[in-house]
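All values reported here derive from a predicted model rather than from experimental measurement.
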Amino acid sequence: MYSLKHGNGFAFHASLLFFCAIFVICCSDDGNKATDHRQQPDPTLADTTACPLVKVNAERLPELNIPRAGHNMFYAGDELTVVGGHTIGFKPTATAEYYKDGQWHQLPTEYPHDNGLAVPLTAGKVLLAGGHSEPIGIGQSYLVESYDPASHTCTGFSSLYTKRTLAQGIELDSGRVVIVGNHFHHDAIELFDGKKTFSLVKEVAVERMCPYIFRTSDGDVIILGAHDTRYQPVGSSTVDRMKGTPFSVPLLDEWQPMPFERSFSSDVSFIGDEQEGDYSYLLPVVNSDRQLAISLVRDTVFTLLPTDCVIPMAPFGDSILYDSPAIADRQVQRAYVVGRDIRDRYYFLSIDYAQMPADNAITGSQEKAWHAKLKLFYTDPMPDMGCTIPVLTPDGNLLITGGVNQSHDNFAPLSTVWLMHVNSEAPVLAESCSYAWLWVIVAVALLSALAYIIINRKRHKPIAESLPDSQAPATPSDEELMQRICQFLEQDQHYLQSRLRLTDVATSLNISVSTVTNVLAQQRGTTFAQLVGEYRVRHAQQLLREQPDMKIVIVSSQAGFTSETTFFRTFKAVTGLSPREWLAQYNEQN
């Protein structure tokens with residue numbers, strides 16, 4: 001270590017102390033006076049404190065039996081259930097699955113419901129209706145059935161008044177359900193009587209796709225949304241009502257409801273108390289700059305929710321695309337909005353609305369007025385987690401099943417299932433510190449360090465250079481690391497472990513996950529999943545050569561694949577042929 005008596009060393013350390021002092025001031029209460037107008041949507045929304053960042057623990061659960069997207073996910077009783085959607089080849093699937101005893105159990109449905117609606121009813125059954133009538137997301141259907149979780153059976157019993165897809169439904173009372181919304185077809189409000197009949201209620205002033213439906217205290221519902229039935233911006237602040245006349249909301253002229261293309265139940269955003277006659281919802285809204293804010297909707301009153309910090313839009317430099325409703329955990333009075341960036345990082349914006357005033361006092365601009373507390377959970381890049389709306393678990397965490405990848409390839413949906421532990425927090429990464437100040441401090445400190453090293457290089461011999469060659473630390477090259485990665489996979493045939501993860505390799509080799517990823521990209525131009533897939537395909541080829549009569553399902557399992565679908569997709573990606581085509585070609589050549 002160099003002594004402070006050296007002039008340059010003193011200057012360097014003094015600089016560090018100076019910038020550390022600035023950092024401390026920046027992060028203190030008195031250092032939060034500066035305003036970042038690029039991120040601040042409205043002075044009444046939040047102060048300038050940066051939102052805390054918390055890395056979330058993602059747990060991978062057993063995969064679905066069928067890869068699927070455009071499906072519905074809900075709890076039926078105490079069982080997590082997924083219904084319908086489309087699978088490989090963008091083909092609708094007339095199946096459902098429920099999770100029990102650590103595995104997924106598949107069952108048939110009467111009809112496919114690809115981008116259909118599912119409404120769990122208070123009586124215990126689930127109403128399933130509509131969806132695309134043909135593969136590759138074409139058409140609409142009238143099809144209706146009921147799912148009974150007690151017997152795990154589905155029964156077709158009626159038809160919709162209007163054929164629909166990408167519609168929404170919400171239960172009123174006595175099993176009655178309001179249904180509205182459509183895609184490339186006429187939209188209107190219809191009502192299910194809770195028994196068998198679907199009837200027209202009225203036309204809508206604005207036709208919408210995937211609308212929000214919020215109940216009100218007078219037994220009515222209001223209907224709003226961002227896109228029309230052809231996926232074009234609505235461009236209107238008009239809100240429809242089932243009983244009353246449409247009305248205009250000035251707030252929606254500037255802040256549009258968040259758009260997305262997936263069916264869901266608007267009751268996931270309910271934060272009120274029916275017993276108290278409080279029908280309140282949280283509504284994610286965006287302005288023309290794509291800045292996200294949260295609107296509080298109480299009956300027909302729309303206000304922006306005051307927050308204690310600005311909602312982050314690009315905490316790591318890549319813009320977040322938020323695309324989910326607010327998913328409320330009413331037990332702890334917290335809600336989540338989900339997003340992701342181009343690097344497949346996922347984000348879960350936590351909105352703590354506990355102790356929210358019961359009246360419109362929250363709209364005041366007083367300095368000490370109540371503010372909802374925000375926190376942003378984030379993950380490492382997760383390319384094998386799908387884009388879909390999560391479901392809240394009974395213990396307050398979030399589950400994501402299936403969905404499409406970053407490229408939105410509906411022909412190759414995922415079967416992965418992830419549990420996001422948002423209810424058990426990791427250490428906070430950054431809290432109460434302006435991002436702009438933080439980056440300035442880091443940049444200046446790095447430049448100071450670089451200048452210090454250059455100035456002192458001639459004056460002081462590096463410690464590592466003064467050591468004998470036998471004692472100098474050796475850093476393995478990328479080529480050596482690549483060999484070690486391959487040796488790990490080949491040792492005891494680790495690649496055959498169906499639950500093998502990138503973290504397993506990194507931990508075994510005592511290197512970081514990012515190092516493994518970078519080495520694979522630079523040395524082989526591949527990803528970890530692709531490399532493991534190649535090993536498994538070569539093993540499958542050996543099995544086919546040695547036992548050509550072996551059933552494909554057995555080959556797939558013995559080669560380490562979790563499903564036949566994944567096996568077929570990976571085999572063709574590696575060889576350009578299906579397993580049977582490859583075997584036939586091999587037999588011809590030998």
Side-chain angles (χ1 to χ4, degrees), residues 52-61 312 314-318 320 339-348 375-385 400 405-406 414 416 418-422 424-431 433 435 438-439 441-443 445-447 449-450 453 462-464 467 471-536 560:
L53 300 178
V54 178
K55 191 171 182 179
V56 66
N57 177 28
E59 178 185 357
R60 190 161 183 169
L61 300 183
F316 298 107
D318 299 307
I320 302 175
R340 66 177 176 179
D341 63 24
I342 60 172
R343 299 183 188 276
D344 283 323
R345 292 190 193 92
Y346 277 74
Y347 300 88
F348 304 88
K375 188 176 294 181
L376 186 64
F377 294 92
Y378 70 96
T379 71
D380 287 326
M382 300 185 67
D384 52 354
M385 186 160 77
I400 296 178
N405 57 19
Q406 173 80 328
L414 302 172
T416 52
W418 291 93
L419 177 62
M420 314 307 295
H421 291 274
V422 292
S424 55
E425 301 176 3
V428 174
L429 174 68
E431 186 170 15
C433 187
Y435 295 123
L438 179 60
W439 284 113
I441 292 166
V442 171
L446 288 175
L447 287 173
L450 180 61
I453 292 170
I463 295 175
L467 292 173
Q471 298 180 28
T475 302
S477 66
D478 286 353
E479 184 176 351
E480 291 172 329
L481 286 176
M482 188 69 231
Q483 292 176 355
R484 289 170 58 189
I485 293 170
C486 291
Q487 287 171 357
F488 172 82
L489 292 175
E490 294 164 6
Q491 179 184 358
D492 299 326
Q493 295 182 314
H494 280 130
Y495 60 84
L496 295 181
Q497 297 176 9
S498 60
R499 298 300 174 190
L500 182 67
R501 299 289 176 260
L502 178 59
T503 52
D504 299 331
V505 179
T507 302
S508 177
L509 301 182
N510 196 27
I511 56 180
S512 67
V513 169
S514 61
T515 298
V516 178
T517 301
N518 292 336
V519 168
L520 292 177
Q522 294 172 9
Q523 292 293 307
R524 294 286 184 89
T526 188
T527 66
F528 177 72
Q530 291 169 339
L531 179 65
V532 173
E534 291 172 7
Y535 271 101
R536 290 173 177 171

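- The shortest side-chain heavy-atom distance between N405 and P383 does not fall under the 4.5 Å cut-off.
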Next on the checklist: As a quick check of understanding, evaluate side chain to side chain contact (heavy atoms under 4.5 Å, CB included) for F377 and K375, giving each step before the final call.
Outcome noted: CA-CA 7 Å; F377 294 92; K375 188 176 294 181; 4.1 Å; yes

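- Taking CZ from R340 and OG1 from T379, the interatomic distance works out to 10.5 Å, rounded to the nearest 0.5 Å.
- D344 meets the side chain to side chain donor-acceptor pair (under 3.5 Å) test with no other residue; sequence neighbours excluded.
- Side chain of E534 to backbone of L531: no donor-acceptor contact under 3.5 angstrom is found.
- Every residue meeting the ring pair (Phe, Tyr, Trp, His ring centres under 6.0 Å) condition with Y535, not counting sequence neighbours, appears here in chain and number order: Y495.
- Within the 4.5 Å cutoff, the side chain of D341 has heavy atoms near those of the Y347 side chain.
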Run the side-chain donor-acceptor check on residues 500-508: report pairs under 3.5 Å with partners two or more places apart or on a different chain.
unit_1: R501; atom_1: NH1; unit_2: R499; atom_2: O; d: 3.4
unit_1: D504; atom_1: OD2; unit_2: R501; atom_2: N; d: 2.8
unit_1: T507; atom_1: OG1; unit_2: T503; atom_2: O; d: 2.8

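- Remark: side-chain polar atoms of Q493 are not paired, donor with acceptor, to backbone N or O of E490 under 3.5 angstrom.
- Separation of atoms CD1 (I342) and CD1 (I320) is listed at 12.0 Å; rounding is to 0.5 Å.
- Within the 4.5 Å cutoff, side-chain heavy atoms of R60 are placed close to those of T416.
- Considering only residues two or more places apart in sequence or on other chains, D478 meets the side-chain contact (heavy atoms from CB on, under 4.5 Å) condition with L481, V519, Q522, Q523.
- At a threshold of 4.5 Å between non-hydrogen side-chain atoms, the residues W418 and D384 count as touching.
- In terms of heavy atoms, P315 sits closest to L376 at CG-CD2, 3.9 Å.
- Less than 6.0 angstrom separates the ring centroid of F316 from the ring centroid of Y378.
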Next on the checklist: side chain to side chain contact (heavy atoms under 4.5 Å, CB included), that's the test. Do N57 and M420 meet it? Break it down for me.
Outcome noted: CA-CA 6 Å; N57 177 28; M420 314 307 295; over 6 Å; no

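- Not counting sequence neighbours, T517 has no partner by the side chain to side chain donor-acceptor pair (under 3.5 Å) test.
- Using a 4.5 Å heavy-atom cutoff, the side chains of Q487 and L489 are not in contact.
- Under a 3.5 Å cut-off, the side chain of Y346 and the backbone N or O of M385 do form a donor-acceptor pair.
- With respect to D380 and R345, no salt bridge is recorded, no charged nitrogen being found less than 4.0 Å from a carboxylate O.
- In terms of modelled atom types and a separation under 3.5 Å, the side chain of R484 and the main chain of L509 share a donor-acceptor contact.
- With sequence neighbours left out, F488 forms a ring pair (Phe, Tyr, Trp, His ring centres under 6.0 Å) with H494.
- What you find for R524 and C486 is that their closest heavy atoms are NH2-SG, 3.5 Å.
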